[in-house]
Amino acid sequence: MSVYDKYEVVIGLEIHAQLSTKSKAYTSDSTEFGSTPNTNISPISLGHPGTLPRLNKNNIEYGVRLGLAVNADIRERNEFARKNYFYADLPKGYQITQDTTPICNNGYITLFPNSSQERKINITRIHLEEDAGKSIHDQDPFHSLIDLNRAGVALVEIVSEPEIKSAEEAAEYVTQVRKLVRYLEICDGNMEEGSLRCDANVSVMLKGSNTFGERTETKNMNSIRNVKRAIEFEIIRQIDLIEAGGKINMETRSFNAADGSTFLLRSKEEAHDYRYFPEPDLQPTHVNEDYISKVKDTLPILPNDLYKKYTSEYGLSEYDANIIVESKPFALYFNEICNYTKNYKAAANWINGTVKSFLNKNAKSIEELTFLTPKDIAEIIELIDSGKISNTIAEQKIFPAKVSGNESAVEIAERLNLIQESGSDALEDYIKQVFEQNPSEVERYKNGEKQLTGFLMGQLMKVSGGKADPKKANQLLREMLT
Ligand code: ADP
Ligand code: MG
């Protein structure tokens, strides 16, 4: 047994999700990403004396959407608080947040949904707050630059209970949160651009212990993979340190993506005293049952609902259903195909197979698939189901032609002369030709070598130029051989 097996890992995650509201949390400044630095800033964002914040109602709505989606308790009376600290990219000298009255408590995120590994991770709280500006340290060799466009952009912070047990589970937790906020359309979930950020609290304790070890908090992971790497590093570092007789200190660490390590940012002694106090410039906001049920009525469809629909109503396999619900645009595209065909299984095969591999190969997203509409896919499926073309022809001839032109599937099939022969007269002619050309094989078949049907079918496809409907042809061939 390795020393690492003696320990149990405890992880709690704090996720900040930037809300995709058009204007900031407490002002009408634009939130557009990538604007010229320091252009989306009004005196309110900058905290000039005498300016007053005003709550963007959408923050509340987005918070409620998230709360409903994770089965949380939603708070009626929402108060705001000032969290005070001094930092160059925080012009006001404080953030407006929710301290003692988070908009949501409880609720859970489901890991590995619909699988044997399924497990719920409880959520402690979800609260509304605002972002700080951004300090840029890598563009000028002598100075740090500051962009305040982000100052005041609305955030939700989702805090999990310390129930996550491994780096894999942590990665899955972030994956599920990101999927959810995207489905809910409250955050674009883009970790590279910092719209979704994750801080990982990690501790270890001897197996069977009921006292948690001291934890560290690691920041600055800009991808799910890096969340996993940072936690893996932290687990080993902490166990090695304890095994060497050392002690874990409560501290904030940062992740170095270049070598996968974490390093000390500040220790507990340097921790801020945020001197929270109620925000005097904002009234408490009331969220009543009536409002909550209105938001509930407009809640977008969620991955788990879709999964249930696909597996029970559409009869898809769990595997296919899981792949489709992975991304909302993908699921919407699939739903749209199903508006035009009832062959759901074929629709699933098409988008999980041919379409997906095309997108992967060409580094395209499904939103860029404008030349191939869901209706086109349904049309191709219809051609196959009515026996006019084979699946192979559809994949190898029709699909590529759709990609490069704007004819309909039927037009392509006709122009390329791909429509299968399923009329008995035409098929009979082909079979007669095959018999004439291969008399000895026909003789051997009649003497009991039944496996020769494969060979004769091959000859038939050759004679017909691949256009014989294989099912019908096979049937007719057997009939004519007896
Ligand atoms: P803080 O305000 O200092 O960040 P919180 O109480 O909000 O502290 O907790 C932050 C996160 O740390 C939560 O996600 C929680 O689950 C997690 N956490 C608390 N104790 C531990 C521990 N011993 N090991 C791992 N994670 C922990
Ligand atoms: Mg924290």
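Note that the coordinates shown come from a computational prediction; the quantities given were computed from them, not determined experimentally. All ligand and atom numbering here is 1-based and tracks the order in the structure. Because only heavy atoms are used, hydrogens play no part in the values below, and waters and symmetry mates are left out as well, while side chains stay in.
The ligand atoms of ligand 1 that sit less than 4.0 angstrom from a heavy atom of Val159 are 13 (C), 14 (O). Close approach of ligand 1 to Phe212 is summarised as follows: ligand atoms under 4.0 Å from at least one heavy atom of the residue are 23 (N). Under a 4.0 Å criterion applied to the non-hydrogen atoms of Glu161, ligand 1 contributes the atoms 16 (O).
Side-chain atoms of Asn122 and Glu163 form a donor-acceptor pair, as typed in the model, at a separation below 3.5 Å. Between Ser261 and Asp259, the side chains place a donor N or O and an acceptor N or O closer than 3.5 Å (distance only, hydrogens not considered). The closest side-chain donor-acceptor pair between Ser20 and Glu185, if any, does not fall under 3.5 angstrom. A side-chain N or O of Asn40 and one of Ser35 form a donor-acceptor pair less than 3.5 Å apart.
Residue-to-ligand polar distances place Gly213 within reach of ligand 1: an N/O pair is separated by less than 3.5 Å. Remark: ligand 1 and Pro162 share an N or O pair separated by less than 3.5 Å (distance only, no angle test).
Separation of atoms CG (Asp73) and CG (Asn106) is listed at 4.5 Å; rounding is to 0.5 Å.
Of the listed residues (Asn201, Thr211, Asp199), the one carrying the non-hydrogen atom nearest atom 12 (O) of ligand 1 is Asn201. For the residues Arg125, Glu217, Arg215, Glu14, the heavy atom positioned nearest atom 6 (O) of ligand 1 is part of Arg215.
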